[in-house]
Novice: 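Would you mind keeping the following structure in view while I ask a few things?
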There are 2 protein chains.
Amino acid sequence: MGTTSKALSLLRLFSNSQPEIGLTELSRQSGMNKATVYRLMSDLAEYGFVEQVGADRMYRIGPGIMRLAVLRETTVPLRSIAKEHVRALAEEIGETTHVSQVSGDELSTLTYAYSAKHGTRVTMEDAERLPFHATSSGLAVLTYSKVALVDAILSKPLDKRTSHTMVDPSQIRDELGRISARGYAESVSGFEQDVHSVAAPIFAGGATVCGALAIAAPVGRVNEALRSRMIAAVQERARMITDLMAGAMPVSLDSP
Amino acid sequence: MGTTSKALSLLRLFSNSQPEIGLTELSRQSGMNKATVYRLMSDLAEYGFVEQVGADRMYRIGPGIMRLAVLRETTVPLRSIAKEHVRALAEEIGETTHVSQVSGDELSTLTYAYSAKHGTRVTMEDAERLPFHATSSGLAVLTYSKVALVDAILSKPLDKRTSHTMVDPSQIRDELGRISARGYAESVSGFEQDVHSVAAPIFAGGATVCGALAIAAPVGRVNEALRSRMIAAVQERARMITDLMAGAMPVSLDSP
DNA sequence: CATATCGGTTTATTATATGAACCAATGGTT
DNA sequence: AACCATTGGTTCATATAATAAACCGATATG
């Protein structure tokens, strides 16, 4: 593994549930030597990718990331576009909505919105990594991904998050076929117990999938009427976002 | 220079005016060997920090940055806070406003807002790098920065952007003293000809300066009345942002 | 058709990253 | 207060990984 990869892999350790990490902890979790981690983190800090804070010198993601993020958004404004539509869709349906984004072999939440309609709702977390096999978003993305990615994902052991999580690769491949045919993915309690979600893919530039739009509702609230509204709305919105991203839907999805 | 630093320095080459760069061009601009750049960019691409696009395989900032950015904003929500206030301030004053952020020895635009009040206005660019010595934002930040940073900035040759740009280090140090005394920085045609700007520092967590809020107007429109409104407003808003960032203003600024 | 430029690849050489051991400081615990 | 277990950070001989020149095939340009 190259030195650069090692440095970048350290950044992967930061998450919403672990936004600040100490040197020793980084060393432990990465399996790298403490001295190595120290030097790598120093390099990252020099460029503002991480910063140290507090008396215990914990590391967290630094301000340098923001300049690149702003730059990214001016070129590929997925998040700003998604934010509007996620909000509108949440109000339209009265349930939690979110857009996730694929980056390499990772899928993570980019933005989300709640609806005030009900007292109970599915709650989300920022920048959360979503498993491809256990979420409707993941399945939607996987359906339109390169075979190399699909193979890579399905060849690793799949975490059985709930009793309903699909973990059999061939069963998942079958599901991908069905998703491709009908144009949306669905997951009932596959990621979190009692969460029913539907998702549709978002494409950018030349029919490459770049993420997914999803609606997530408590299982008990999803009757047949709501379910069909969710399915119709998520597909329509995903297409709107795709259009704004100047991407083209794959032919199989172009005509309804 | 370490390998990690080399990889990260490649990311610095991307900017608003140069959002996509080819392999050879990266090699030229970084001064590194083409093979080296190739391997470094491949590493960066593997982690989604850059992506290749189009038939000419140009590189641009990748989606992986966004996950880290979202994570950063949940911990230090400078941009989201700044966005609101920059908008409100632009409407209040009727001129262009922006918030910049310091990262290491770089200062860059984080967000900005225009006012519809006038047909002419100062225009901004996203993620633009601002010179410390030639902008009111830069001077405001420098005033409250560690001496090490001030020395580092002022020891390098300073670009004379316009005929009004201050380039004499000792003269700039004097100016920093005045800014510290009055609590705001001012620049008339120092960065762009015909732009008059005022700026106030923003602090986060323990009185460390993290950026600046600025108002920029066409020189011809800034009479004494507008000028004092700008100065008062920029300081007030900067303090509001600082409060929201849970930072503390240095004592010298606490009482007006 | 020749030349130049592009992204990407190879491989011997060299420089850089590594990790065990070691500090100094901090904070509990006995 | 002495002790132990942590922490972040540092050192330096060693081994590994990065480097650069030359090369390749493709595409574009005169």
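Chain A is the first sequence line, chain B the second, and so forth, proteins listed ahead of strands; every chain is numbered from 1. Here the structure is a predicted model, which means the values were calculated and not measured.
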Novice: Please find the pair of heavy atoms, one from A134(B) and one from T165(B), that lie closest to each other, and give the distance.
Specialist: CB-CG2, 3.7 Å

Novice: My understanding is that only residues two or more places apart in sequence, or in another chain, count here; which of them pass ring-ring contact (aromatic ring centres under 6.0 Å, His included) with Y112(B)?
Specialist: Y114(B)

Novice: Could you tell me which residues satisfy salt bridge (charged side-chain N to carboxylate O under 4.0 Å, His left out) with E175(A), sequence neighbours excluded, listed by chain and number?
Specialist: R178(A), R182(A)

Novice: Going 5' to 3' along nucleotides 8-27 of chain D, which nucleotides have protein heavy atoms under 4.0 Å from the base (write B), which only from the sugar-phosphate (write S), and which from neither (write -)?
Specialist: BBBB-----SSBBB------

Novice: Rounded to whole Å, please give me the gap between CG in L10(B) and C1' in dG7(C).
Specialist: 15 Å

Novice: Would you list the pairs meeting salt bridge (charged side-chain N to carboxylate O under 4.0 Å, His left out) in which at least one residue belongs to residues 130-149 of chain A, sequence neighbours left out?
Specialist: none

Novice: Through what angle, rounded to 10 degrees, does the axis of the helix from dC1(C)-dG30(D) to dT30(C)-dA1(D) turn between its ends, using five pairs per end?
Specialist: 30°

Novice: Considering all heavy atoms of both residues, which atom of V167(B) and which atom of D159(B) are nearest to each other, and what is their separation?
Specialist: CG1-O, 3.9 Å

Novice: Determine, for D126(A) against R72(B), whether the closest basic-nitrogen to carboxylate-oxygen distance falls under 4.0 angstrom.
Specialist: no

Novice: Are any of the side-chain nitrogens in R79(A) or E84(A) under 4.0 Å away from the carboxylate oxygens of its partner?
Specialist: no

Novice: Can you run down the salt bridge (charged side-chain N to carboxylate O under 4.0 Å, His left out) pairs that involve residues 10-37 of chain A, sequence neighbours left out, and say none if there aren't any?
Specialist: R12(A)-D105(A), R12(A)-E106(A), E20(A)-R60(A), E25(A)-R28(A)

